[in-house]
Every structure is written in structure tokens, then in C-alpha cells.
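Chain letters run A, B, ... following the sequence lines, proteins first and then strands; every chain starts at 1. All of these numbers come straight from a predicted model, not from anything done at the bench.
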Amino acid sequence: MTLTGWGRTRRAEVDACRPERGQTAIGLLKGRYDRGILAHGLGRSYGDAPLNDGGNILLTERLNRMVSFDPSDGTLVCEAGVTFDDLLTAFLPRGFLPPTSPGTAFATIGGAIANDVHGKNHDRVGSFGDHVLWLDLILPTGEMARVSPTERPELFAATIGGVGLTGVILHACFRLRRVFSGSVDVRERRMPDLDAFMASLSEARETAGYSVGWIDGMARGGDMGRGILETAETAATDAPAKPSKARAVPIDLPGFTLNPLSINLFNQAYYRRVSAEGRTRTMPIRQFLYPLDAIHHWNRIYGKRGFHQFQAVIPDAEAVAGMRKLLEAISEARAGSFLAVLKTLGGEGRGLLSFPTRGYTLALDFPRRDGVEDLMARLTAIALDHGGRIYLAKDAVLDAASFARMYPKLGDFRHVLDGIDPDRRIQSDLSRRLDIRGVSP
Amino acid sequence: MTNSTWLVLGASSSIARAFALEAAAQGDDVLLAGRDTADLERGAADIRIRHDVQVEVIDFDAEVVDSHDAFVDAVTTRAAGFGDKPLNVFLAFGLMPDQSAIDADPDQAQRAIMATYAGAVSVLHRLAPILEARKSGHVVVLGSVAGDRGRIKNYVYGSAKAGLHAYLQGLRNRLFRSGVTVTTVKPGFIDTTMTWGMPGLFLVASPRDCARACLRYAKKGAEIRYFPSFWWVIMTIIKNIPEPIFKRLSI
Ligand SMILES: Cc1cc2nc3c(=O)[nH]c(=O)nc-3n(C[C@H](O)[C@H](O)[C@H](O)COP(=O)(O)OP(=O)(O)OC[C@H]3O[C@@H](n4cnc5c(N)ncnc54)[C@H](O)[C@@H]3O)c2cc1C
């Protein structure tokens with residue numbers, strides 16, 4: 001079958017299996033595969049992290065049972081194919097939330113661990129991997145291993161953010177967070193330019209439960225970096241539920257639908273939606289956490305060629321200079337991007353290849369047109385110059401040399417993999433592109 | 001609406017698992033019956049955690065008809081333990097060996113018939129008096145489009161399902177008198193482990209959608225339904241191809 005990442009820039013022809021029981025999955029890892037096998041969650045990574053072209057794929061979506069739950073402290077054990085949507089459906093009515101969540105509910109727990117995902121509360125609670133108590137991992141050989149910060153800690157650290165390369169996560173144990181309502185009070189404020197934005201974010205990271213900024217990637221000159229800052233706190237009581245039905249984009253839209261003019265109009269409207277004085281609203285937490293999930297298959301608006309997402313983090317010290325350079329390069333290229341997301345990250349993740357580090361992260365989509373990959377290479381160079389790194393969950397274009405400079409623990413990661421998978425039974429398009437395994441020892 | 005208890009027979013299958021989850025999502029209790037009790041226990045834990053309803057597992061093997069009396073006793077005891085609620089039955093088991101495997105080893109035909117037809121009749125016939133006595137309830141049984149016409153590709157399985165369809169017509173006739181509905185659902189292509197990787201499938205439906213439809217049909221007391229419903233058109237055409245022509249086809 002053909003698989004793609006969410007950005008649909010990379011395709012893979014794979015031989016896929018879809019076990020419904022853990023035992024079946026274990027058996028499958030014992031098989032022989034010419035070009036390796038790889039776990040694939042729901043393909044919400046944008047690039048080639050969940051792909052293995054010409055090789056085998058193990059789809060985890062039907063390994064989605066909840067195994068045990070302790071309401072006294074929120075400890076949950078579940079199979080790795082459980083999604084954030086499943087967690088919210090089951091637990092929000094009972095006053096529990098996943099500790100943190102990416103911007104889509106249609107990601108699996110296995111995917112969240114393998115990319116060590118972060119949410120809008122990273123400064124407060126860290127990334128998903130920080131909340132994992134232990135994992136049951138099917139090793140590349142088909143053996144099972146329980147890994148945790150105390151049991152085989154190096155393997156645990158390699159698995160958090162390990163983009164699937166240490167094996168297939170079968171079970172995860174983590175703690176849900178108690179909340180007293182299913183809603184949040186969201187405050188929105190206009191930010192006139194980049195400096196104001198960065199200053200407000202740096203204040204919000206100390207005070208707000210959640211914070212996220214939406215930047216108009218088309219604004220230039222004195223307006224560059226303008227946008228809306230959203231901060232939020234858990235609400236005291238629930239917002240009145242208004243039934244909303246998810247809509248879907250039924251087909252690929254033609255490539256010209258998104259052009260600099262239409263995007264510019266959209267971005268302007270988005271900015272002006274919030275009055276100059278700002279506004280405060282109470283809304284269901286799903287609506288706040290997952291604004292894009294309301295439209296299924298929204299990735300189709302970018303047409304058949306798909307789109308890239310660029311996401312980099314730049315450490316605090318270099319962030320102001322780095323973000324300015326990135327935005328300059330973007331507005332100069334007029335590449336046309338919907339809203340860009342700017343937010344802060346609180347600190348390093350536990351994984352050897354975890355993306356987060358204390359700093360500012362910028363994420364934005366580019367329709368895949370000629371020249372976009374050159375622009376992304378320029379942006380990557382700017383990020384590197386400022387000590388930054390690119391997020392593998394979003395990436396399809398980074399080169400191996402830059403990757404190695406961005407992830408200083410790559411050597412340790414390789415060492416762990418050489419130990420558990422000397423025959424390279426687990427492979428992905430991403431691992432080959434970025435030469436993650438390196439030369440054989 | 002008062003909640004009920006669903007007995008799910010063959011509860012490890014993709015559709016049955018989806019069905020049990022959907023029923024529980026509506027607040028119904030569930031009895032999961034099947035052979036792989038370890039797997040069913042995992043399924044039971046999942047349902048309890050997600051939906052906070054009562055779920056229990058009962059060992060059941062369709063092919064071992066000797067055990068069915070004891071099984072039905074166990075069902076009544078467990079169902080009573082859940083409180084005095086209407087009892088409904090969802091039957092999802094069946095065995096579809098490759099026709100070529102059956103051709104190589106005719107004993108496989110016996111097994112397919114036992115599991116798909118004789119076992120189903122055995123257990124349903126033992127449950128029927130209980131449902132009659134309760135004067136309410138829904139029975140939903142997964143038949144198959146394969147039972148609508150014998151085809152070279154799987155006529156042993158198809159004939160077992162055809163037998164089951166006829167049995168269900170009679171059972172519907174009988175239980176109607178006691179206010180119990182019997183629904184035959186004939187699924188087309190559903191995205192299960194049985195169909196995974198098969199070439200030439202089209203418009204494949206998800207187990208969850210199939211499960212939801214089954215619950216809807218039960219509430220309505222529908223008699224015979226194809227799911228997805230367009231299969232009615234396909235099967236009407238297939239049923240009407242004259243035998244002299246049909247025997248030459250290999251669909
Ligand atoms: C709209 C949208 C918003 C997003 N917002 C954010 C955000 O705010 N923050 C953020 O951090 N990310 C965000 N993401 C990225 C997304 O959270 C990650 O890509 C996540 O990993 C996707 O999960 P998945 O289940 O789809 O995994 P996939 O994309 O299918 O796989 C991702 C990686 O995980 C591995 N993997 C999956 N399951 C397992 C398993 N069981 N065992 C071992 N390895 C496994 C795969 O091999 C692959 O390397 C967003 C994505 C979208 C589409």
C-alpha cells in the first residue's frame with residue numbers, strides 16, 4: 001500500500017501489516033525483512049518519519065486497548081495505538097486530561113512518545129516523554145523489554161523521541177492530570193510586531209497555564225511578526241457545549257487555491273478578528289487544543305503536491321535575533337504561509353533525540369512550490385547559526401550533516417541502536433535520509 | 001431509556017470488538033464470549049476503563065456443542081449479576097477457511113460448517129427459550145453476502161451462512177411472538193483482519209460503522225439488512241444471474 005506523511009510530500013510503497021493483538025505484533029517483529037520494518041501510528045508526522053519506502057510497516061492503530069486505570073492518581077496503562085481523542089473521550093468527563101497534547105487529537109500515544117511531542121503548556125509540564133513512567137517495548141529482535149528511567153535507562157532515553165528506531169512500543173504507562181472542568185478561559189491579544197510578541201511570550205511562559213502565538217507570516221516591514229497571542233487557564237466551570245460537527249475537505253483543492261493574495265486576506269482577517277483591546281472567552285478545551293481538527297483532511301487544501309512544515313527551536317539567548325532573521329527570510333521569499341505558530345519551550349526533553357530545548361519555536365506551512373526547498377535550506381542555515389534545531393516530526397528535507405550538528409546526543413543514540421539492533425532490522429525513510437545509524441561500528 | 005446487557009458471541013473479531021465498545025458507549029453492560037479468553041480479558045478491561053460499564057468474559061467455543069448448555073447457564077447467571085436488564089445477543093463468529101484449503105482437506109469443510117452454522121444454531125436454540133421467557137430483547141446475527149449465492153470462491157462457507165440465514169428466518173418468526181426481534185446483517189467488505197490485504201476490495205467500511213449500524217438495526221427491530229446498504233443492489237444483481245451463465249463466472 002501507499003503511505004504518506006501528513007504533508008504528503010513524501011510517498012512510500014510499503015508492505016503493511018496491522019496486528020490487532022500484542023502477541024501478533026511480537027511475532028511480526030521476529031520476521032525477516034529485506035529493508036526493515038517500522039511502526040506507523042496515524043501518520044500525523046508531516047515528513048518521512050513514519051515511512052519506510054520499499055520496506056515493511058507495522059500499523060499500530062488497532063493496538064488500541066486501555067489496560068488499566070487508577071483514578072486515585074490518574075495512572076493509565078494503554079496500548080500505543082490509543083489516540084489523544086480516545087483519552088479525551090474517555091477521561092475528560094471524569095476530570096482527567098492527558099498531561100500534554102500536540103495540536104491534533106488524532107495522534108497516537110506511540111507517536112507522541114516516539115517524537116516526544118510538546119503542547120501549549122511545555123513551559124509548565126515539559127513534553128509527553130517527561131510523563132512516561134515506563135514502556136513495554138518490542139525490541140527489533142521481537143523480544144520484550146520493560147524500559148523506564150530506572151530499568152534500562154539508556155534504552156528508555158533512546159526510545160523517547162527515538163522516531164520508532166528502538167522497536168515498537170506496545171504499552172505505555174503515564175499519569176493523566178486532574179482538571180476541574182473541560183473548558184479553558186482563553187485570552188487573546190494583538191501583538192503589533194515581533195519584539196512585542198517575544199516580550200509577551202517571555203512573560204506568559206512564567207505566568208500562564210497555556211500560551212501560543214499565531215504570527216501573520218505575510219506581514220512585512222514594521223508589521224513583521226505581528227499576530228495574536230493566546231494564553232489560557234483551566235476554567236472554573238464548563239463552557240456551554242454547542243454541538244459541532246466536524247467538516248471535511250472532500251478532495252484535493254487545485255494548487256492555485258492558496259496564493260499569496262488569498263493567504264494574505266486570510267491572515268489579515270485572522271488578525272483583525274480580535275479587537276485592539278483583546279478579548280477573553282471560555283471554550284471547550286478540545287477547541288483550544290485542536291483548532292485544526294474541526295476540519296478533517298485539511299491537508300488537502302494544499303493540493304496534490306502537498307506542503308512542507310518548517311519547525312525550528314532557537315535557544316533563549318539567540319531567539320530574538322534568530323526569529324527576526326527567519327521571519328525576514330520568509331517574508332522576503334513571499335512563499336506564502338498561513339499563520340505561523342510561535343511559542344516557547346521550557347527545557348530539554350528526556351530523549352536522546354528529543355526536540356525541545358529551552359527557547360522559542362517557530363512552525364509554519366509552505367505549499368510545495370518550486371523554490372520552497374531552497375527557502376527551507378536557508379531557514380535551516382539560520383536556525384543552525386543561532387544554535388537551533390529542526391523538529392523531525394515535521395521534517396522532510398533536512399540533510400544528514402546539519403542534523404548531526406543539531407542533535408549532540410546522536411552519538412549516544414547510535415551506540416544504543418548498535419547494541420539492540422546491529423542488523424538494522426528497524427529502518428525508516430527518515431533514518432536513511434539523515435543517516436541516523438551512521439557507519440557500522 | 002433503560003440499559004440492557006449484550007451477550008457478544010465471538011467477541012474477539014474486529015466487528016464484535018467494535019460492537020461491544022459501541023454498546024458500552026451507550027451505557028449497556030457486556031458479556032464477551034469466545035475462545036481466546038486472555039484476549040477477551042484485555043478487551044473487557046478496555047471497555048470498562050473507557051465506558052465505566054460492567055463487562056465479563058465467558059469461555060465459549062462454537063464448535064464444542066457439548067459445552068453449550070453449561071455456557072448458557074453461565075450466561076444467565078452472569079447476566080443476573082448485572083441486575084435485572086433486558087438481554088440482547090450479538091453473534092459474530094464464523095470460520096472461513098480458504099476454499100482451496102477445504103478442497104485440499106475436506107475435513108475443513110466440516111469445521112467451517114460447525115463453526116459458522118451448526119454451532120450458531122446450537123447456541124441460539126438454547127438461548128431462544130430464555131429470550132422468549134423474558135418477552136423482550138434483540139438478537140443480531142452477522143450473516144454474509146456469501147450466503148446469498150454459492151460461488152466457486154467460497155461456497156462451503158457460503159452454504160453455511162445460507163443455512164444460517166434460513167434458520168434466522170424461522171427464529172425471527174418464532175421469537176416475534178414473544179416480542180423479541182431477530183436481525184440478520186449481511187456485511188459487504190468490512191476492514192477486518194479477515195479482509196486485510198485481500199486484493200480487489202472496494203468501498204470497504206470500518207468495523208465501527210458496521211457496529212453502529214447493527215445497533216441501529218437492533219433498536220428498530222429490522223429483519224434483514226445489508227451493510228453498507230448498497231450491497232443490496234449488488235447482491236440483487238448477483239442473485240438474478242441465471243444459473244447457466246453463473247456457472248461460467250468466477251466472481
Ligand atoms: C495538525 C497537527 C498539529 C500538530 N501539533 C503538534 C504540536 O503542537 N506539538 C508536537 O510536538 N507535534 C505536533 N504535531 C506532530 C505530531 O504530534 C507528531 O508527528 C506525532 O508523532 C504524530 O503521531 P502519530 O501517531 O500520527 O505517529 P506517526 O506520524 O505515524 O509516527 C511518528 C513516529 O513515531 C513512530 N511510532 C509511532 N508509533 C510507534 C510505536 N507504537 N512504537 C514506536 N514508534 C512508534 C513512527 O515510527 C514515527 O517515527 C502535529 C501534527 C499535526 C498534523
Side-chain angles (χ1 to χ4, degrees), chain A residues 1-3 13-28 42 56-72 74-96 98 109 136 170-174 176 296, chain B residues 8 10-27 30 32 34-55 57 92-93 189-212:
Chain A
M1 65 191 287
T2 310
L3 287 179
E13 278 308 321
V14 302
D15 193 346
C17 54
R18 189 185 59 192
E20 301 206 351
R21 303 173 192 200
Q23 279 307 325
T24 318
I26 294 170
L28 284 161
L42 286 178
N56 287 71
I57 282 284
L58 188 152
L59 300 169
T60 63
E61 63 192 89
R62 297 243 169 130
L63 297 169
N64 64 345
R65 293 172 190 78
M66 302 197 187
V67 178
S68 69
F69 178 62
D70 180 351
S72 72
T75 305
L76 176 74
V77 177
C78 68
E79 291 180 338
V82 165
T83 65
F84 286 89
D85 188 55
D86 292 333
L87 294 183
L88 268 89
T89 304
F91 295 109
L92 193 55
R94 286 181 254 171
F96 290 97
I109 297 308
D136 281 336
L170 185 56
H171 297 126
C173 175
F174 51 96
L176 302 178
H296 287 172
Chain B
V8 180
S12 277
S13 79
S14 314
I15 300 176
R17 193 185 152 212
F19 184 89
L21 277 165
E22 288 301 319
Q26 303 189 358
V30 190
L32 301 176
R35 266 183 315 192
D36 187 347
T37 47
D39 181 62
L40 293 182
E41 287 293 356
R42 282 189 287 274
D46 181 45
I47 298 171
R48 276 185 216 113
I49 297 170
R50 286 179 194 250
H51 299 300
D52 217 0
V53 295
Q54 306 182 82
V55 190
V57 170
F93 60 79
F189 297 140
I190 313 290
D191 190 7
T192 64
T193 42
M194 218 156 148
T195 59
W196 174 255
M198 275 189 188
L201 305 192
F202 50 88
L203 295 169
V204 180
S206 75
R208 185 177 189 187
D209 286 345
C210 181
R212 287 187 172 167

[atom1]/[X] to [atom2]/[Y] distance, rounded to the nearest 0.5 angstrom?
| X | Y | atom1 | atom2 | result |
| --- | --- | --- | --- | --- |
| A:Asp86 | B:Asp46 | CG | CG | 8.5 Å |
| A:Arg62 | B:Arg17 | CZ | CZ | 8.5 Å |
| A:Arg65 | B:Leu21 | CZ | CG | 9.5 Å |

Exercise for review: Mind listing the closest non-hydrogen atom pair of A:Leu76 and B:Ile49 along with its distance?
Suggested key: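 Closest approach of A:Leu76 to B:Ile49: CD1-CG2, 4.4 Å.
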Practice item. Report the C-alpha separation of B:Asp36 and A:Gln23 in whole Å, then their side-chain angles, then the decisive distance to 0.1 Å, and conclude whether the side chain to side chain contact (heavy atoms under 4.5 Å, CB included) test is met. Key: CA-CA 12 Å; B:Asp36 187 347; A:Gln23 279 307 325; over 6 Å; no
Point to revise | When A:Arg94, A:Met66, A:Glu79 are compared by non-hydrogen pairs under 4.5 Å with chain B, the top option | key: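 So the answer, after comparing A:Arg94, A:Met66, A:Glu79, is A:Met66.
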Point to revise | Contact winner vs chain B - A:Cys78, A:Pro93, A:Ala90, heavy-atom pairs under 4.5 Å | key: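 Highest number of heavy-atom pairs under 4.5 Å: A:Ala90.
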Practice item. Count the heavy atoms of every other residue, nucleotide or ligand shown that sit under 6.0 Å from CZ of B:Arg35, and state whether that count exceeds 12. Key: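 Not more than 12 within 6.0 Å, no.
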Practice item. Return the option, out of B:Ala38, B:Gly43, B:Ser14, B:Ala44, with the maximum number of heavy-atom pairs under 4.5 Å with chain A. Key: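 Highest number of pairs under 4.5 Å: B:Ser14.
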Practice item. Begin from the C-alpha positions of A:Arg21 and B:Thr193 and carry the test side chain to side chain contact (heavy atoms under 4.5 Å, CB included) through to its verdict. Key: CA-CA 11 Å; A:Arg21 303 173 192 200; B:Thr193 42; over 6 Å; no
Point to revise | Heavy-atom proximity to chain B below 4.5 Å, by part of A:Asn64 | key: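 Looking at A:Asn64, backbone and side chain both touch chain B.
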